[in-house]
Amino acid sequence: MVVIGLFFANTTAQKNPEGWGAMKYPQLVLGMLALFAYVGVEVTIGSNLGELLVTADFGSISGPALAPYMSMYWGSLMIGRWAGAITVFNPSSQLKKILLIVVPYVAFGVVLAANAISGQDVTPLYAYAFVILFQIAGFFLGKDQPSRTLMIFGLMGMTAMLIGLFTTGTIAIFAFMSGGLFLSIMWPSIFSLAIAGLGKYTSQGSAFLVMMILGGGIIPPLQGKLADIIGIHASYFIPVLCFAFIAFYGWKVIGILEKQGIGKEIEVGGAH
């Protein structure tokens with residue numbers, strides 16, 4: 001219903017813009033759907049991860065033993081956001097490259113240390129350091145361009161979810177946890193692209209975008225309901241679809257903005 005309603009509003013606004021305000025901009029409408037998917041997939045991976053890990057295929061991890069894995073998923077979001085914040089300090093090109101490698105591992109160490117201090121066994125998580133390399137590669141490939149970065153991280157997230165779907169054990173656990181790494185930069189990237197070129201409707205568009213956090217209240221229950229029918233592991237195809245749409249938005253939106261004559265201007269800006 002959300003999708004149908006947004007497309008109806010945009011189609012109607014395209015034909016007769018009077019009274020529709022920001023809804024006439026396709027970058028905003030698609031951006032609203034992308035944020036809906038982003039918030040939904042961020043919450044659904046984490047909220048259903050505990051139920052997944054207690055299954056036999058995932059080691060029957062339960063009780064306090066779940067804590068490090070749950071912590072690392074949410075910590076993965078922090079790892080990416082720390083790295084994404086580097087551009088705020090305007091470092092030199094060479095220093096920035098170094099920081100994009102060092103900062104994620106500093107954040108990784110903080111998550112490990114917090115778990116170790118609380119008495120958790122973090123040994124199984126050491127190998128996750130290898131997975132962080134993919135996020136670092138994503139930052140370098142994104143070249144500080146919002147649409148490019150969003151598309152790359154969306155494709156990486158989709159790939160990770162597919163790996164998790166078709167494997168079990170540690171590989172699948174790390175694949176699902178890595179969703180946090182690839183989600184970490186999506187909110188600012190989607191937001192900046194969605195409000196680009198809105199002019200006097202920027203505030204209105206921003207309000208519409210914030211409303212899309214309702215994805216966090218719709219997608220997780222949807223996956224949970226599907227899990228009751230097809231099993232918790234198979235239900236993770238929902239995150240695959242969410243990441244796929246986000247990647248599509250990253251690819252599609254720059255063409256939309258270029259038609260409006262502002263694509264190059266947006267791509268000059270930072271992605272984080």
Side-chain angles (χ1 to χ4, degrees), residues 41-83 101-139 141 152-186 219-220 223-224 226-227 230-244 247:
V41 73
E42 179 183 280
V43 176
T44 201
I45 292 174
S47 61
N48 290 305
L49 190 60
E51 184 179 348
L52 181 73
L53 297 184
V54 300
T55 63
D57 285 342
F58 288 82
S60 300
I61 302 168
S62 59
L66 281 172
Y69 296 96
M70 303 299 292
S71 174
M72 187 54 69
Y73 168 69
W74 294 108
S76 292
L77 290 159
M78 181 188 78
I79 291 170
R81 284 169 185 163
W82 280 23
I101 297 171
V102 173
V103 169
Y105 284 108
V106 171
F108 176 57
V110 170
V111 178
L112 289 179
N115 279 279
I117 290 171
S118 65
Q120 303 295 335
D121 178 17
V122 296
T123 307
L125 297 178
Y126 290 158
Y128 193 68
F130 173 75
V131 182
I132 295 173
L133 288 173
F134 290 96
Q135 184 198 56
I136 293 171
F139 279 122
L141 291 171
I152 290 169
F153 276 68
L155 289 172
M156 285 184 165
M158 183 176 68
T159 302
M161 296 303 104
L162 286 170
I163 291 172
L165 271 175
F166 292 107
T167 59
T168 56
T170 301
I171 292 176
I173 293 172
F174 281 10
F176 287 135
M177 287 196 311
S178 73
L181 294 173
F182 306 125
L183 286 164
S184 58
I185 54 83
M186 289 184 174
I219 293 177
Q223 184 184 352
L226 281 171
I230 63 176
I232 184 62
H233 191 185
S235 75
Y236 267 79
F237 83 86
I238 292 292
V240 175
L241 298 179
C242 291
F243 275 115

Distance, nearest 0.5 Å, that separates [atom1] of [X] from [atom2] of [Y]:
| X | Y | atom1 | atom2 | result |
| --- | --- | --- | --- | --- |
| Asn48 | Tyr236 | CG | OH | 5.0 Å |
| Ser184 | Trp74 | OG | CH2 | 12.5 Å |
| Gln135 | Ile185 | CD | CD1 | 8.5 Å |
| Leu183 | Ser76 | CG | OG | 9.5 Å |

Heavy atoms, side chains only, cut-off 4.5 Å: are [X] and [Y] in contact?
| X | Y | answer |
| --- | --- | --- |
| Thr159 | Leu162 | no |
| Met156 | Leu181 | no |
| Leu112 | Tyr126 | yes |
| Val110 | Trp82 | yes |
| Ile61 | Ile173 | yes |
| Tyr105 | Ile136 | yes |
| Met161 | Ile45 | yes |
| Pro239 | Gln223 | yes |

What are the two closest non-hydrogen atoms of [X] and [Y], and how far apart are they?
| X | Y | answer |
| --- | --- | --- |
| Val43 | Pro220 | CG1-CG, 3.6 Å |
| Pro104 | Ile101 | CD-O, 3.5 Å |
| Ala175 | Gly164 | CB-N, 3.7 Å |

Without swapping roles, check the side chain of [X] against the backbone of [Y] for a donor-acceptor pair under 3.5 Å.
| X | Y | result |
| --- | --- | --- |
| Tyr73 | Gly180 | no |
| Tyr128 | Met177 | yes |
| His233 | Phe166 | no |
| Thr44 | Val41 | no |
| Ser71 | Pro68 | no |

Ile171 atom CD1, neighbour heavy-atom count above 12 within 6.0 Å: no

Full working for side-chain contact (heavy atoms from CB on, under 4.5 Å) between Phe58 and Phe176: CA-CA 12 Å; Phe58 288 82; Phe176 287 135; 4.1 Å; yes

Output field: ring centroids Phe243/Phe182 closer than 6.0 Å: no

Asp57 and Thr55: side chain donor to acceptor below 3.5 Å: no

side-chain contact (heavy atoms from CB on, under 4.5 Å) between Phe174 and Ile163, intermediate numbers included: CA-CA 10 Å; Phe174 281 10; Ile163 291 172; over 6 Å; no

